Amino acid sequence: MSALPVMRGDSGGPGPKMRVRLAGFAETLRGAGFAIGQAEVQDAALLLASPLAERPELFRDGLKALFCSRHSDLARFDELFQAFWRGRGAKRATRLSAQGLAARSPRRFEAGPGGDRRTSLPETTVVDAPEGAAAGGRGRKGGASTHEGLSAKDLRRLDSEKDRAEILAAAERLARRMRARLTRRERIRLRGRRLDLRSTIRHSIAHGGEPIELKFRRRRSKPLRLVVLLDASGSMEPYTAFFTRFLHAVSLSFRESEAFLFHTRIAHVSSALRERDPARALDRLALMAQGVGGGTKIGESLAAFNRWHARRVIHSRTCVMILSDGYDTGAPELLEAAMKALRRRCRRIVWLNPLLGRDGYEPSARGMQAALPFLDLFAPAHNLDSLAALEPYLARI
């Protein structure tokens with residue numbers, strides 16, 4: 001293997017072009033399903049500046065140790081590395097990359113009000129394979145391809161009752177799986193009982209490979225709380241049944257969760273959704289949320305939420321998730337003021353808009369324009385895959 005073209009700057013480190021290429025490689029891996037954060041990219045830049053970068057085999061192995069967090073990643077890394085850095089096996093690598101791509105890319109938001117930076121997802125958000133599917137895109141025989149087709153299909157295009165029943169059941173499974181994965185997440189600590197070998201090895205690069213700094217893992221002391229506000233107006237009717245079923249599963253699976261419906265007013269519906277029987281839960285929901293299917297006053301509803309509920313349901317690790325198409329019949333100034341007040345209270349605000357999954361859609365509605373500056377994430381929610389793509393983002397909160 002010939003040497004890599006490590007272009008160096010005036011200080012002897014990697015030049016700006018090489019750093020841009022490294023960032024491009026990280027984005028390529030993210031698009032193929034690799035879970036790569038900013039810390040891994042920074043460590044890879046240190047590796048690029050080290051003598052290891054002059055030996056291609058060691059450079060590749062170092063990047064593999066940094067970027068591969070699952071067994072399925074190891075099986076695909078070498079071909080993606082060869083395709084990106086040497087242009088070999090590009091068609092095969094493209095197929096591998098496509099297997100990891102499961103969601104439309106959400107919008108970035110670089111800065112919030114006052115110029116403070118907000119967390120954003122990379123341009124390509126990825127999720128793990130569906131339940132019952134093996135790593136690398138090889139699923140069980142019988143039904144796997146059907147499930148994958150349904151999970152990527154726009155909810156408003158589900159024609160048959162069978163498809164609608166299957167997607168509603170899949171929404172419940174998704175909520176339970178997200179809960180299981182999020183509760184298993186652990187944070188890196190300087191002390192603990194469980195050694196984090198991967199993080200220890202990554203930090204040892206700065207010390208010539210000597211594991212001087214031991215890193216440990218410990219469970220988060222305060223669980224993530226989800227507060228979901230669902231728009232139940234007439235314009236959201238094609239998606240309401242699916243989101244309601246998803247909310248029902250979230251309420252049963254997440255101990256730390258609260259649910260609200262809003263249209264011309266807001267209703268706290270968590271108690272109804274905690275009914276084990278979905279039919280009974282929907283009956284109670286219908287009684288509690290009178291006026292479903294009418295107009296939308298998002299600003300007034302959020303203002304009422306801030307006034308009567310926010311203090312009780314929001315703590316320091318709360319993600320407020322708004323499911324709405326952004327069509328507001330009220331004054332945009334009222335929505336802007338409500339979003340600003342909500343921004344001061346919670347950890348993250350995520351707005352999921354099913355219209356964002358349509359080609360050519362732009363958030364030009366006045367209500368949506370008023371809300372955008374206060375969002376940490378603006379993402380599509382038009383199918384099952386777009387909801388599944390939220391799990392890696394929620395895990396980092």
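Along the sequence shown, residues carry numbers from 1. Please read these numbers as outputs of a predicted model, since none were measured by experiment.
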For a quick test of your reading: what N or O donor-acceptor pairs under 3.5 Å do the side chains of residues 305-312 make, sequence neighbours left out?
from: Asn306; atom 1: ND2; to: Leu302; atom 2: O; distance (Å): 3.3
from: Asn306; atom 1: ND2; to: Ala338; atom 2: O; distance (Å): 3.0
from: His309; atom 1: ND1; to: Arg312; atom 2: NH2; distance (Å): 3.2

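- For Arg225, the salt bridge (charged side-chain N to carboxylate O under 4.0 Å, His left out) partners at least two apart in sequence or on another chain are Glu256.
- For Glu336, the salt bridge (charged side-chain N to carboxylate O under 4.0 Å, His left out) test picks out no residue, with sequence neighbours left out.
- By the salt bridge (charged side-chain N to carboxylate O under 4.0 Å, His left out) test, Asp154 is found to be paired with Arg156, residues two or more places apart in sequence or in another chain being considered.
- Legend: residues meeting side chain to side chain donor-acceptor pair (under 3.5 Å) with Arg274, ordered by chain and number and at least two apart, are absent.
- A donor and an acceptor atom, one from each side chain of Tyr361 and Asn353, are located under 3.5 Å apart.
- A ring-centre distance under 6.0 Å is found for Phe25 and Phe84.
- Legend: residues meeting side chain to side chain donor-acceptor pair (under 3.5 Å) with Glu258, ordered by chain and number and at least two apart, are His268, Ser270.
- Looking at residues two or more places apart in sequence or on another chain, you find a side chain to side chain contact (heavy atoms under 4.5 Å, CB included) between Ile201 and Leu197, Ser204.
- Partners of Lys340 by salt bridge (charged side-chain N to carboxylate O under 4.0 Å, His left out), not counting sequence neighbours: none found.
- The side chain to side chain donor-acceptor pair (under 3.5 Å) check on Ser251 picks up nothing, with sequence neighbours excluded.
- The CG atom of Leu342 lies 6.0 Å from the CD1 atom of Ile322; values are rounded to the nearest 0.5 Å.
- By the side chain to side chain donor-acceptor pair (under 3.5 Å) test, Thr200 is found to be paired with no residue, residues two or more places apart in sequence or in another chain being considered.
- For the pair Pro332 and Ala370, the tightest heavy-atom approach, listed with the atom from each and the gap, is O-CB, 3.6 Å.
- Applying the salt bridge (charged side-chain N to carboxylate O under 4.0 Å, His left out) test to every pair with at least one member in residues 236-251, sequence neighbours left out, gives these pairs: Glu172-Arg245.
- Listed by chain and number, the residues in a side chain to side chain contact (heavy atoms under 4.5 Å, CB included) with Gln42 are Gln38 (sequence neighbours excluded).
- Salt bridge status for Lys64 with Asp73: absent, with no side-chain N to carboxylate O gap under 4.0 Å.
- Between the CD1 atom in Ile266 and the CD atom in Glu300 there is a gap of 11.5 Å [rounded to 0.5 Å].
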